[in-house]
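Following: one structure in structure tokens, then a few remarks.
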Amino acid sequence: MTPEPLGGRAFALEAEAASSPTVRTRDAASIMLLDRSGKDIRVLMGKRHSAHVFMPDLYVFPGGRRDPGDHRLRFDGDLHPAVLRSLRAGDGRAITEARARALALAAARELYEEAGVSLGRTRERQGAVLPFLPDLANLRYMARAITPPGLPRRFDTRFFAVFADEAEIDPSLVAESRELQDLQWIDVNDFSALRVPEITAIILSDLRNDLMSDPSLPPERTVPFYFTRHGRFHRTLL
């Protein structure tokens, strides 16, 4: 599908410059934990530490890069077939099933490391990398975005979403970490009080539209893909 260019400053297009050094793009995953127990749906966000090179002092969803060991993590429930298929399809260059699943496992791991939330049942075996077996069955694949050239870190990030009630998660049991501070449950319709990256604002706008279209966020859905090409920001559908 031909990508559609977007106007404005979206996703820091001015960062792309001919003199910028090449920075290798790394796989990453981010997760929107959604609380629909009240009148309005809320999403968990936290502030990145000021010492971070990449996006310091901005509010983001829990997430981070895919670690080499993520594909070896044991899990309890697998991804919905439609989600796995979309993850593998990418932008026309299929990735392996193991790599696709590792992205979801990375999201579950980061949610635990950054917010203390276990996406799955407690493990019996001691000494495991994670004290729980990740349950990926309720994850929705929401978006993909690649950091534009010129920034000190570049990530090919897959964004997931999961409803807290479906995952049997108590929204009150979240904990700050060295990576993510000032954790807050934010109304998806009003995050104006927070400083967020532009791509995060875009993803939140997509989330609002998706919830209006179908509040259940069905796994069988098209996924927006954001990237920069020749200095222009593009959006296409996977």
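A quick note: this is a predicted structure, and the numbers were derived from the prediction, not measured.
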If I take atom [atom1] from residue [X] and atom [atom2] from residue [Y], how far apart are they, to the nearest 0.5 angstrom?
X: M45; Y: L180; atom1: CE; atom2: CG; answer: 9.0 Å
X: R65; Y: R154; atom1: CZ; atom2: CZ; answer: 16.0 Å
X: D35; Y: L44; atom1: CG; atom2: CG; answer: 9.5 Å
X: R72; Y: R74; atom1: CZ; atom2: CZ; answer: 14.5 Å
X: M142; Y: L207; atom1: CE; atom2: CG; answer: 5.0 Å
X: L33; Y: L111; atom1: CG; atom2: CG; answer: 6.0 Å

Any side-chain heavy atom of [X] sitting closer than 4.5 Å to one from [Y]?
X: I199; Y: T157; result: no
X: Y112; Y: P131; result: yes
X: R235; Y: I202; result: no
X: D165; Y: S37; result: no
X: I31; Y: E110; result: no

Just by distance, do the side chain of [X] and the backbone of [Y] share a donor-acceptor pair under 3.5 Å?
X: R208; Y: V188; value: yes
X: T147; Y: F155; value: yes
X: R99; Y: H71; value: no
X: E114; Y: G63; value: yes
X: R140; Y: S216; value: yes
X: D40; Y: R42; value: no
X: S30; Y: P62; value: yes
X: S86; Y: A82; value: yes
X: W185; Y: P171; value: yes
X: D70; Y: D67; value: yes

For N138, all residues meeting side chain to side chain donor-acceptor pair (under 3.5 Å), sequence neighbours excluded: none
Looking at every non-hydrogen atom in both residues, tell me the closest pair between [X] and [Y] and how far apart they are.
X: L183; Y: A175; answer: CD1-O, 3.2 Å
X: P224; Y: L237; answer: CA-CD2, 3.8 Å
X: F160; Y: Y141; answer: CD2-CA, 4.2 Å
X: I203; Y: A143; answer: CD1-CB, 3.4 Å
X: A104; Y: L79; answer: CB-CD2, 3.8 Å
X: A108; Y: F132; answer: O-CZ, 4.0 Å

Look at atom [atom1] of [X] and say whether more than 12 heavy atoms of other residues, nucleotides or ligands are closer to it than 6.0 Å.
X: E220; atom1: CD; value: yes
X: F75; atom1: CZ; value: yes
X: R121; atom1: CZ; value: no

Working for side-chain contact (heavy atoms from CB on, under 4.5 Å), residues Y226 and D206: CA-CA 12 Å; Y226 297 98; D206 286 341; 2.5 Å; yes
Hydrophobic cluster identity match, L133 and V162, side-chain contacts under 4.5 Å: no
Pair L217-L34, side-chain contact (heavy atoms from CB on, under 4.5 Å): steps then yes or no: CA-CA 11 Å; L217 297 179; L34 304 175; 3.8 Å; yes
Ion pair check, D156 and R158, cut-off under 4.0 Å: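 A salt bridge links D156 with R158.
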